[in-house]
J.: 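The structure under discussion is supplied below as C-alpha cells; questions concerning it will follow.
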Amino acid sequence: MEARLNLFANPFFGKVLKHINAAGKAVSDSSLPAATQELVKIRASQINGCGFCTDMHTKDAAHAGETAQRLHLVAVWREATVFTEAERAALELTEQGTRIADAAGGVSDEVWQNAAKHYDEEQLAALVSLIAIINAYNRVNVINQQPAGDYQPGMFG
C-alpha cells in the first residue's frame with residue numbers, strides 16, 4: 001500500500017498537524033492516566049480500521065510498559081478481566097463516541113454517568129477531547145491510505 005499524499009512533506013498538512021498535535025499535547029499533559037489514553041487511542045483506531053494509528057499506539061503503549069496481554073485484549077475488552085473499571089468506562093465511552101453514526105442518540109446517559117463515576121471534570125474533558133482527536137487522526141490516515149508497520153516509538157517527537 002502506498003499513501004495517496006505524502007502528508008509529512010505537505011506544507012498545508014503541516015499547518016493543520018501543528019494544531020492537532022497541540023490539542024493532543026494538552027490531553028497528554030492532563031491528569032487522565034497515560035495508560036488510559038493509549039487504550040482509548042488503540043480502541044478508536046481499531047474501530048476505524050486505522051492501521052497506522054493502531055501500529056503507533058500499540059507500540060507506544062508497549063514502549064511505556066503496557067503488557068502484551070492487555071494490548072492483545074483491547075479489541076475484546078468486555079470479556080477481558082485485565083482492565084480496571086475506570087478503563088472499561090473509558091473504553092465504552094470511546095466506542096460510543098467513535099461510533100456516533102451507528103448509535104441513535106450518540107453517547108448514552110448510562111455510559112456517560114459510568115465514566116463520570118471514575119473521572120473528574122478535567123479528566124472527562126480530556127477523555128472527550130482525546131476521542132475527538134484520535135478520530136480525526138484516524139480519518140486522515142484512512143482517507144490517505146497511510147501504510148502501517150514501520151512506526152518506531154518516539155519517531156515523531
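From a predicted model like this one, the values you see are computed outputs, not experimental measurements.
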J.: Spell out, yes or no, whether F8 and L5 are grouped together once hydrophobic residues are joined by side-chain heavy atoms under 4.5 Å, including indirect joins.
T.: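 Different clusters: F8 never reaches L5 through Ile, Leu, Val, Met, Phe, Trp or Tyr contacts under 4.5 Å.
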
J.: Carefully, step by step, assess R78 and E92 under the rule side-chain contact (heavy atoms from CB on, under 4.5 Å).
T.: CA-CA 9 Å; R78 282 180 180 80; E92 178 111 49; 3.3 Å; yes

J.: OG1 of T81 to CZ of R88: how many Å apart, nearest 0.5 Å?
T.: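 Taking OG1 in T81 and CZ in R88, the distance rounds to 8.5 Å.
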
J.: Should I143 and I20 be counted in the same cluster of Ile, Leu, Val, Met, Phe, Trp and Tyr side chains packed under 4.5 Å apart?
T.: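 Different hydrophobic clusters.
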
J.: Would you sort out whether N21 and K25 count as a side-chain contact (heavy atoms from CB on, under 4.5 Å), showing the intermediate values?
T.: CA-CA 6 Å; N21 286 343; K25 175 87 168 96; over 6 Å; no

J.: Should the pair F156 and F52 be assigned to parallel (<30°), tilted (30 to 60°) or perpendicular (>60°) ring geometry?
T.: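 Ring orientation of F156 relative to F52: tilted.
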
J.: Of all heavy-atom pairs between E38 and A61, which one has the smallest distance, and what is that distance?
T.: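 That closest heavy-atom pairing would be CB-CB, 3.9 Å.
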
J.: Answer yes or no: is there a side-chain heavy-atom contact under 4.5 Å between D120 and L124?
T.: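 Result no, sub-4.5 Å side-chain heavy-atom pair not found.
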
J.: Test your reading of the model: is there a side-chain donor-acceptor pair from Q96 to the backbone of L93, 3.5 Å cut-off?
T.: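 Between the backbone of L93 and the side chain of Q96 there is no qualifying donor-acceptor contact (under 3.5 Å).
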
J.: Hey, what do you get for OG1 (T94) to CH2 (W77), rounding to the nearest 0.5 Å?
T.: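 It comes to 9.0 Å.
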
J.: Judged by modelled atom types alone, do S31 and E122 share a side-chain donor-acceptor pair under 3.5 Å?
T.: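 S31 vs E122: donor-acceptor pair found between side chains.
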
J.: Side chains of Y137 and N48: any donor to acceptor distance under 3.5 Å?
T.: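 Their side chains do not contain a donor-acceptor pair, so the 3.5 Å distance test is not met.
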
J.: Any heavy-atom pair between the side chains of E95 and R43 that's under 4.5 Å?
T.: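 R43 reaches E95 side chain to side chain.
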
J.: Between the side chain of E66 and the main-chain N/O of A35, is any donor-acceptor distance below 3.5 Å?
T.: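 Absent.
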
J.: Donor-acceptor pairs are to be reported for all side-chain atoms of residues 99-117 against protein atoms at under 3.5 Å, with residues two or more places apart or in another chain.
T.:
from: S108; atom 1: OG; to: V111; atom 2: N; distance (Å): 3.1

J.: Looking at K41 and S45, what are the two nearest heavy atoms and their distance?
T.: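 Looking at all heavy atoms of both residues, the shortest contact is O-OG, 2.7 Å.
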
J.: Would you call L73 and V76 a side-chain contact if the rule is heavy atoms closer than 4.5 Å?
T.: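 Yes; the side chains approach each other to less than 4.5 Å.
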
J.: Less than 4.5 Å apart, any side-chain heavy atom of L39 and any of F83?
T.: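 Answer yes - side chains close enough.
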
J.: Is R70 close to E87 at the side-chain level, that is, under 4.5 Å between some pair of heavy atoms?
T.: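 In contact.
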
J.: How long is the span from the OG1 atom in T58 to the CG atom in L71, to the nearest 0.5 Å?
T.: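 Result: 6.5 Å between the selected atoms.
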
J.: With a 3.5 Å distance limit and no angle check, can you tell me whether N144 reaches the backbone of V140 through a side-chain donor-acceptor pair?
T.: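 No.
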
J.: Between T54 (side chain) and G51 (backbone), is there a donor-acceptor pair under 3.5 Å?
T.: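 Checking the backbone N and O of G51 against the side chain of T54, no donor-acceptor pair under 3.5 Å is found.
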
J.: Mind checking whether I134 and H57 have side chains closer than 4.5 Å, heavy atoms only?
T.: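 They are in contact (side-chain heavy atoms under 4.5 Å apart), so the answer is yes.
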
J.: Any donor and acceptor pair, going by atom type alone, linking the side chain of R4 with main-chain N or O of Q145 inside 3.5 Å?
T.: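 Side chain of R4 to backbone of Q145, a donor-acceptor pair under 3.5 Å: no, none is there.
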
J.: Indicate the atoms forming the closest heavy-atom contact of I131 with G97, along with that distance.
T.: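 Smallest heavy-atom distance, with atoms named: CG2-C, 4.1 Å.
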
J.: Nearest 0.5 Å, what's the CG-OG1 distance between L130 and T36?
T.: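 Rounded to the nearest 0.5 Å, the CG-OG1 separation comes to 10.0 Å.
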
J.: Transitively linked via ILVMFWY side-chain contacts under 4.5 Å: I47 with I42?
T.: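 Different clusters: I47 never reaches I42 through Ile, Leu, Val, Met, Phe, Trp or Tyr contacts under 4.5 Å.
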
J.: Does the K59 side chain pair with the main chain of G149, one donor and one acceptor, at a distance under 3.5 Å?
T.: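 Confirmed, K59 side chain pairs with G149 backbone.
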
J.: Identify the heavy atoms of V27 and Q37 that sit nearest to each other, and give their distance.
T.: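 V27 and Q37 have their closest heavy atoms at O-NE2, 3.3 Å.
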
J.: What pair of heavy atoms forms the shortest contact from G49 to V142, and how long is it?
T.: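 Between these two residues, the closest heavy atoms are O-CG2, 3.8 Å.
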
J.: Rounded to the nearest 0.5 Å, what's the gap from CG on N138 to CD1 on I133? Could you check?
T.: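 N138 CG to I133 CD1: 12.0 Å, rounded to 0.5 Å.
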
J.: Answer yes or no: is there a side-chain heavy-atom contact under 4.5 Å between S30 and Q123?
T.: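 No, every pair of side-chain atoms sits at 4.5 Å or beyond.
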
J.: Please report the interatomic distance OG1(T98) to CD(Q46), rounded to the nearest 0.5 Å.
T.: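 Taking OG1 in T98 and CD in Q46, the distance rounds to 11.0 Å.
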
